[in-house]
Amino acid sequence: MTRTKIIKLVDGEKGDIIKITALLLDGVMRRRLLDLGFVNGAFVEVAQKSPLGDPIAFRVSRTTIALRKEESGKIEGELIINGE
Amino acid sequence: MGNEYYRIALVGNPNTGKSTLFNALTGLRQHTGNWAGKTVSLAQGSVDFKNKTFQLIDLPGTYSLFSNSKDEEVARNYIAFEKPDVTLVVLDATSLERNFNLALQVMEMTTNVIICINLIDIAEKQGIEIHEKRLMNLMGVPVLKISARNKLGFPMLLDTIDRIVNGDIKCQSFQLKYPEEIEKKILKIEQQIHEIIGDTVSARWVALRILDGDESLINEITKQFKLRGDY
Ligand SMILES: Nc1nc2c(ncn2[C@@H]2O[C@H](COP(=O)(O)OP(=O)(O)OP(=O)(O)O)[C@@H](O)[C@H]2O)c(=O)[nH]1
Ligand SMILES: [Mg+2]
């Protein structure tokens with residue numbers, strides 16, 4: 001039995017695959033992320049972290065999308081594959 | 001001589017092959033590349049079919065039509081206010097969940113929609129099976145599988161456009177049902193909106209956008225009406 005580990009996207013490391021479980025934001029920003037494919041149940045891969053850690057590029061629904069900390073810090077998911 | 005003339009808009013997520021489809025149908029060489037959001041101005045070109053001319057308009061790729069960016073505003077305004085005769089929503093067959101999000105938004109705005117599931121060659125290689133007949137029944141509009149790059153599915157696509165503008169196919173674009181509370185609010189203002197704007201834009205869609213606090217749309221409607229001298 002493995003314990004599921006919930007992390008914020010912002011804390012993911014390159015290569016991690018995270019299954020989204022919650023979007024902790026509302027309004028236009030929430031809508032925007034949903035439109036981009038950051039929906040519950042979606043698998044997201046951390047594609048690239050810039051030296052300062054912001055923005056971070058994610059691979060979602062076959063597309064690479066960069067999110068700012070304010071966004072990736074508000075998306076939670078289950079760590080499915082640890083990239084290291 | 002004296003061809004009937006119809007406007008056909010192409011919308012879809014970035015990089016789903018809209019420009020490739022546009023170029024293949026019109027024979028134009030509009031630049032296509034491999035990065036998102038490169039279609040900025042609207043390319044137009046035409047294709048003749050039977051006794052008709054279809055004027056194709058290649059809209060910028062967007063994930064949404066809620067006007068968070070210039071591209072979204074261009075695409076939204078075209079569909080809402082220029083009222084194309086038919087709107088082709090070009091979807092990426094390998095990423096349907098996100099792509100249908102945009103298709104549903106378009107179907108809230110306009111009735112005559114064709115869903116083109118593109119990149120079907122790649123989907124097939126990945127073992128993705130798409131049941132277009134079932135999707136068609138669910139969506140109430142034609143759903144076609146195509147490959148723009150390989151020019152697959154074009155005769156059926158042109159024939160479907162022809163049948164829609166002829167009135168032989170009547171689209172009944174699927175309308176998302178919202179929670180009771182929101183539906184009640186829509187009902188409350190939809191009639192009034194219809195009295196003000198008439199049949200120019202879907203009153204249900206405008207009601208939804210107003211409930212969502214979309215000021216940019218209200219401003220645009222005001223502008224459009226001034227331009228047309230209706231108010
Ligand atoms: N394999 C395959 N590739 C395709 C197909 N259609 C388009 N492509 C490729 O997909 C890429 C994107 O195509 P475009 O036509 O530029 O996409 P677009 O939707 O106009 O992109 P934006 O204008 O950025 O929204 C190009 O490299 C095309 O060659 C297809 O049916 N099969
Ligand atoms: Mg394009």
Side-chain angles (χ1 to χ4, degrees), chain A residues 8-10 12 14-50 54-81 83, chain B residues 11-17 34-38 60-73 75-76 89-106 108 117-123 125-126 128 176 178 182 208-217:
Chain A
K8 300 229 160 62
L9 287 195
V10 69
K14 190 169 155 56
D16 285 358
I17 293 185
I18 300 156
K19 183 178 173 194
I20 296 182
T21 52
L23 266 64
L24 311 172
L25 69 188
D26 282 322
V28 181
M29 261 168 86
R30 180 191 180 84
R31 180 74 231 190
R32 181 90 198 132
L33 291 169
L34 293 172
D35 289 333
L36 291 169
F38 293 91
V39 295
N40 269 351
F43 289 88
V44 175
E45 182 186 343
V46 182
Q48 197 142 30
K49 277 195 130 168
S50 46
D54 195 30
I56 304 174
F58 298 97
R59 194 83 192 141
V60 59
S61 206
R62 277 213 338 127
T63 311
T64 304
I65 287 162
L67 296 185
R68 288 171 292 124
K69 261 192 194 142
E70 299 87 80
E71 298 163 317
S72 58
K74 300 222 172 71
I75 305 175
E76 276 185 356
E78 213 176 290
L79 185 62
I80 302 286
I81 293 175
Chain B
V11 285
N13 282 180
N15 231 20
T16 56
N34 206 17
W35 62 92
K38 67 210 167 299
T62 64
Y63 293 109
S64 170
L65 291 171
F66 294 147
S67 184
N68 292 302
S69 68
K70 192 74 209 156
D71 281 354
E72 290 186 18
E73 195 174 304
R76 178 200 71 188
V89 189
V90 182
L91 310 191
D92 177 344
T94 67
S95 168
L96 284 185
E97 184 179 23
R98 183 185 59 205
N99 278 256
F100 260 108
N101 175 46
L102 184 78
L104 290 169
Q105 290 182 22
V106 172
E108 270 179 346
I117 303 185
N118 189 34
L119 300 144
I120 201 72
D121 53 312
I122 296 184
K125 271 187 206 131
Q126 294 183 2
I128 299 171
L176 272 175
Y178 293 86
I182 296 173
L208 274 163
R209 302 310 311 137
I210 288 175
L211 290 174
D212 205 24
D214 187 341
E215 277 177 39
S216 117
L217 179 68

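Letters go in sequence order (proteins before strands), and every chain restarts at 1. Since the structure is predicted, the reported quantities are computational estimates derived from the model, not experimental observations.
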Does [atom1] in [X] sit with more than 12 non-hydrogen atoms of other residues, nucleotides or ligands closer than 6.0 Å?
X	atom1	result
A:E70	CD	yes
A:K8	NZ	no
A:E78	CD	yes

Spacing of OG1 belonging to A:T63 relative to OH belonging to B:Y63, to within rounding of 0.5 Å:
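One gets 4.5 Å once the value is rounded to the nearest 0.5 Å.
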
Any salt bridge linking B:E97 with A:R62? Criterion: basic side-chain nitrogen under 4.0 Å from a carboxylate oxygen.
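A salt bridge is absent here (no side-chain N lies under 4.0 Å from a carboxylate O).
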
Using a 4.5 Å cut-off on heavy atoms from C-beta on, say whether the side chain of B:R98 contacts that of A:D35.
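No, their side chains stay 4.5 Å or more apart.
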
Under 4.5 Å from a heavy atom of chain A, the part of B:D92 involved:
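It is the side chain, since no backbone atom gets that close.
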
